Amino acid sequence: MATSIHFTVNSSETKRPVFFTSPIKQIPTKRFIISCRSTKSPPESPPDLSEPNNNNKNKKNKNPSLSEQLKPLTSTTLSNPATDQPQFLSKPKSIWVNPAKPKRSVLSLQRQKRSLYSYNPQVRDLRLFAQKLNDCDSSQGAFLAALEGIPQPPTRENALLILNSLKPWQKTHMFFNWVKAQNLFPMETIFYNVTMKSMRFGRQFQLIEELAEEMISNGIELDNITYSTIITCAKRSKLFDKAVEWFERMYKTGLMPDEVTYSAILDVYAKLGKVEEVLSLYERGRASGWTPDPIAFSVLGKMFGEAGDYDGIRYVLQEMATIGVKPNLVVYNTLLEAMGKAGKPGLARSLFEEMVASGLTPNEKTLTALVKIYGKARWARDALELWERMRSSQWPMDFILYNTLLNMCADLGLEDEAKRLFEDMKQSEHCRPDSYSYTAMLNIFGSGGNADEAMQLFEEMSKLGVHLNVMGCTCLIQCLGRAKRFGDMVRVFNVAVERGVKPDDRLCGCLLSVVSLCEKTEDEDMVFLCLQQANPKLVALVKVLQDEKVGFEAIKDEFRDVIGSTAVESRRPFCNCLIDICRNKNNHERAHELLYLGTLYGLYPGLHNKTANEWCLDVRSLSIGAAHTALEEWMGTLYKIVQREEALPKLFSAQTGAGTHKFSQGLAHSFGSHVKKLAAPFRQSEEKAGCFVATREDLVSWVQSQAQSVAA
DNA sequence: GTAGGGTTAG
């Protein structure tokens, strides 16, 4: 298989956006083979697709289904790379359509024409009448009564006009049935299509399917508009098998999909995650002479984004550049989102700049995607610059964008900016803060240790009737616990439970961490009372850990029991807190046992990392007490290894991380103090914050001096 | 007013 196919995009078009002129370093081999296949005739006979207007009486039996068509295609595109390879290595640009050698089509290049409407002088009256129908009660009785008021029996055109203006779907349906019963004119395809579109708003797939069957039994033609409506309704109702089934039925009747139906079905396969099928269909369409439009590329872009497939995203950009299709705003939005999902913030940024340079104005969705990407990447400077630009350029804002900005501020610890945004929201007309905006603010105040403002927010929520969710509750409790405002904490917990918050494992982990912060027994008892309501087994475990008479095996069983029924993301926090609680009570032996159990049950993967040159202790996901315990364990182990004169690496290091939040910065500091207390040979690295280092020599001489002092 | 396809949070 080819592993390094290089080719350069034609750079003679100097106006082409920067992003497109960069050389594509490597096209994914498998995908490329699919691309290259499409110009060549497959060895098998081509799929037998009759033309839609072919008068072949047996055509129903001769039209292969989609899956039948895809089968020979995928088997030939994917299984014969050896013969294909040299051709596309030498001629990468000739892979597309060869007009001299037309292929049998899989889609019609002519989009179905819509019928033209003639001017209707009664438009105003009919609109008013339709409005009356829309305003009346939805019951059948009321609707039929309102229908009595129709000025005269409707003509075909008048009936269509009304049908087009009715909502919700129930009324469209009743009107359709009424017109049909009047028997004034034959019900043509367009009546069904308009009715189906309205049904689709109501996700009434079953009714749509019944209408389609009715058309078939009454001999009314189903056209591309009918099929695309059925397919997209199935898709939106997540009935993907139904969507595929109707697409296949269309082929079997000999009707060719046009580009609208075709991209609808591409999206169906994309939503199913069937990437190879989508690409096969795409290539077959291309080979039929189809020039995909931005909508088709948006479908491909979204699919690759969902798969986190960066090569795929590049492929979409490359295709658009090759074909000469300029991305529109939706395509840019989709690709930006996709870049985020593929973990490419830098490329998302360049793509955004390219979009703006091309003269497009970003909308709310563009900016939401970008803010999310910068927040996730912790690119505070870019995020703030973007926000400034949003304000000065007066780019559109909506409620989702505001909340995304607030979450970004929470991720980056930008308290002042969040306050400003929150005030903006309060003063806006359409973007009032909701429960999630408040949660983001509680998160920001909570992680910043700002208990007063967090409590103010809590009171404000109670006053305004904004729902407090479990995450907001967790943030508040964490914050009040750290501020040692145990009374407030208990009050918040009780109010939250009264208002329907169901404590989850994260909230329990948070309460447990508050236990570890208590100095007085009465405070501890208050917190235990809350925890008892949420997770009695956890309280029992804490009590057992404090009972010196209980042996290790019993502890192990209880621990396994509790951790086993805890959500995975909360297991390590639970263990960290339990270790902290034991250390606070000077029960170091239990702390070491717990660290051992945590390691045994896989809660601390990657705690120890060994290479030939360096051994590293990574305590970044440990609490202070757990990190101290881990350091003591490690020093004990290293001591023995040195004494036994086993092989050692040149370098030893311990990672605590520098921390981005106020409260996560304590670990490096406290770890440093503990290093000093143990007189361990580590020193803070000058190049890297949150990293402690020691050489082999440092370690050996430390062991020797320890041994001497023990001997003395 | 005008039958069909694509993009946004937790």
Side-chain angles (χ1 to χ4, degrees), chain A residues 107 111-120 122-124 126-127 130-131 157-158 160-166 172 176 188-200 208 222-233 235-236 243 257-268 270-271 292-303 305-306 316 327-338 340 362-373 375-376 396-408 410 434-440 443 469-472:
Chain A
L107 85 167
R111 188 191 287 218
Q112 184 182 322
K113 293 273 188 295
R114 296 180 185 204
S115 53
L116 289 170
Y117 282 78
S118 54
Y119 175 69
N120 188 332
Q122 293 158 293
V123 151
R124 265 183 84 98
L126 290 164
R127 286 293 294 156
Q131 195 53 51
E157 277 67 34
N158 290 356
L160 260 182
L161 205 152
I162 294 171
L163 197 61
N164 253 310
S165 333
L166 290 178
T172 319
F176 173 80
E188 301 158 32
T189 305
I190 188 168
F191 283 87
Y192 283 89
N193 289 350
V194 173
T195 307
M196 283 184 181
K197 184 189 175 185
S198 179
M199 307 271 141
R200 197 185 55 177
I208 286 187
L222 282 76
D223 61 14
N224 258 286
I225 297 176
T226 322
Y227 281 111
S228 58
T229 310
I230 298 171
I231 289 166
T232 52
C233 180
K235 183 179 72 184
R236 288 177 201 184
D258 66 7
E259 67 168 336
V260 175
T261 316
Y262 205 70
S263 53
I265 204 70
L266 280 184
D267 195 33
V268 169
K271 296 247 151 35
D293 65 0
I295 294 180
F297 286 119
S298 169
V299 167
L300 294 184
K302 169 108 186 174
M303 172 182 75
E306 291 301 320
V316 174
N328 65 11
L329 186 57
V330 176
V331 172
Y332 273 117
N333 289 353
T334 312
L335 290 175
L336 279 172
E337 178 100 347
N363 67 6
E364 297 89 337
K365 290 172 185 169
T366 323
L367 299 165
T368 300
L370 209 55
V371 167
K372 220 173 107 186
I373 290 169
K376 217 170 103 189
M397 295 281 286
D398 70 1
F399 166 69
I400 294 176
L401 178 51
Y402 266 116
N403 278 348
T404 309
L405 279 163
L406 282 180
N407 284 327
M408 184 259 316
D434 73 341
S435 158
Y436 283 93
S437 325
Y438 275 92
T439 305
N443 188 5
N469 61 26
V470 67
M471 178 177 166

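Letters A, B, ... are given to chains in the order of the sequence lines, protein chains preceding strands, and every chain is numbered from 1. What you are looking at is a predicted structure, and each value in this text was computed from that prediction instead of being measured.
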- request: Name the nucleic acid region contacted by A/D434, choosing base, sugar-phosphate or nothing; use a 4.0 angstrom heavy-atom cut-off, strictly under.
  value: base
query: If you check the A/K271 side chain, which of B/dT7, B/dT8, B/dT2 turns out closest?
result: B/dT7
message: Could you tell me how far apart A/N328 (CG) and B/dG6 (C1') are, to the nearest whole angstrom?
response: 9 Å
message: What is the distance, to the nearest angstrom, from the CD atom on A/Q122 to the C1' atom on B/dT2?
response: 16 Å
query: For the pair made of CE in A/M303 and P in B/dT7, what is the distance, rounded to whole Å?
result: 13 Å
- prompt: Are any of A/K235's side-chain N or O atoms less than 4.0 Å away from OP1 or OP2 of B/dG5?
  reply: no
message: Taking donor-acceptor contacts at under 3.5 Å, does the side chain of A/T229 reach the base of B/dG4?
response: no
field: Value in whole Å for how far the P atom of B/dT2 lies from CD1 of A/I225
entry: 14 Å
message: Regarding A/F399, tell me which of base, sugar-phosphate or nothing describes its non-hydrogen contacts under 4.0 Å with the strands shown.
response: base
- request: Kindly indicate whether the side chain of A/N333 and the base of B/dG6 share any N or O donor-acceptor pair separated by less than 3.5 Å?
  value: no
task: Respond yes when some side-chain nitrogen or oxygen of A/R236 is under 4.0 Å from OP1 or OP2 of B/dG4, and no when none is.
output: no
query: Please give, in whole Å, the distance from B/dG6 P to A/L329 CG?
result: 16 Å
Partner set under ring pair (Phe, Tyr, Trp, His ring centres under 6.0 Å) for A/Y438, not counting sequence neighbours: A/F422
Side-chain N or O of A/R114 closer than 4.0 Å to phosphate OP1/OP2 of B/dG4: yes
- prompt: Does B/dG4 have OP1 or OP2 sitting under 4.0 Å from an N or O in the side chain of A/K113?
  reply: no
message: Please confirm whether the shortest side-chain N or O distance from A/K197 to OP1 or OP2 of B/dG5 is below 4.0 Å.
response: no
statement: Heavy-atom nearest pair, A/T232 first then A/A264, reads CG2-CB, 4.0 Å
message: So, under a plain 3.5 Å distance rule, would you say the side chain of A/T334 forms a donor-acceptor pair with the base of B/dT7?
response: no
field: Quiz item: A/D258 side-chain donor-acceptor pair to B/dG5 base, under 3.5 Å
entry: no
From B/dG5, B/dA3, B/dA9, nucleotide with atom closest to A/V194 side chain: B/dA3
All ring pair (Phe, Tyr, Trp, His ring centres under 6.0 Å) counterparts of A/Y262, not counting sequence neighbours: A/W290
- prompt: Checking all strands, does A/S165 fall into the base, sugar-phosphate, or nothing category for heavy-atom contacts under 4.0 angstrom?
  reply: nothing
message: With hydrogens left out and only the distance checked, is there a donor-acceptor pair under 3.5 Å joining A/R111's side chain and the base of B/dG5?
response: yes
message: Regarding A/N407, tell me which of base, sugar-phosphate or nothing describes its non-hydrogen contacts under 4.0 Å with the strands shown.
response: nothing
statement: A/L222 atom CG is separated from B/dA3 atom C1', nearest whole Å, by 13 Å
Quiz item: A/D223 side-chain donor-acceptor pair to B/dG4 base, under 3.5 Å: no
query: Hey, what do you get for CG (A/N403) to CG (A/D434), rounding to the nearest 0.5 Å?
result: 5.0 Å
query: In whole angstrom, what separates A/K376's NZ from B/dA9's C1'?
result: 13 Å
query: Knowing that exactly one of A/T404, A/L336, A/L401 qualifies, which makes a side-chain contact (heavy atoms from CB on, under 4.5 Å) with A/K372?
result: A/T404
query: A/N363 CG to B/dT8 C1': how many Å, rounded?
result: 9 Å
task: Can you check whether any acceptor in the base of B/dG4 is under 3.5 Å from a donor in the side chain of A/T261, or vice versa?
output: yes
message: Can you identify which nucleotide, out of B/dG6, B/dG4, B/dA3, has its nearest atom closest to the A/R200 side chain?
response: B/dG4
message: Nearest to the A/S228 side chain among B/dG6, B/dG4, B/dA9, which nucleotide is it?
response: B/dG4
- prompt: Going from CD1 on A/I225 to OG1 on A/T261, what distance comes out if it is rounded to the nearest 0.5 angstrom?
  reply: 8.5 Å
field: Residue A/R127, side-chain atoms from C-beta onward, closest of B/dG5, B/dT8, B/dG1
entry: B/dG1
Candidates A/D223, A/T226, A/D258 - the one meeting side-chain hydrogen bond (donor to acceptor under 3.5 Å, both in side chains) with A/Q112: A/D223
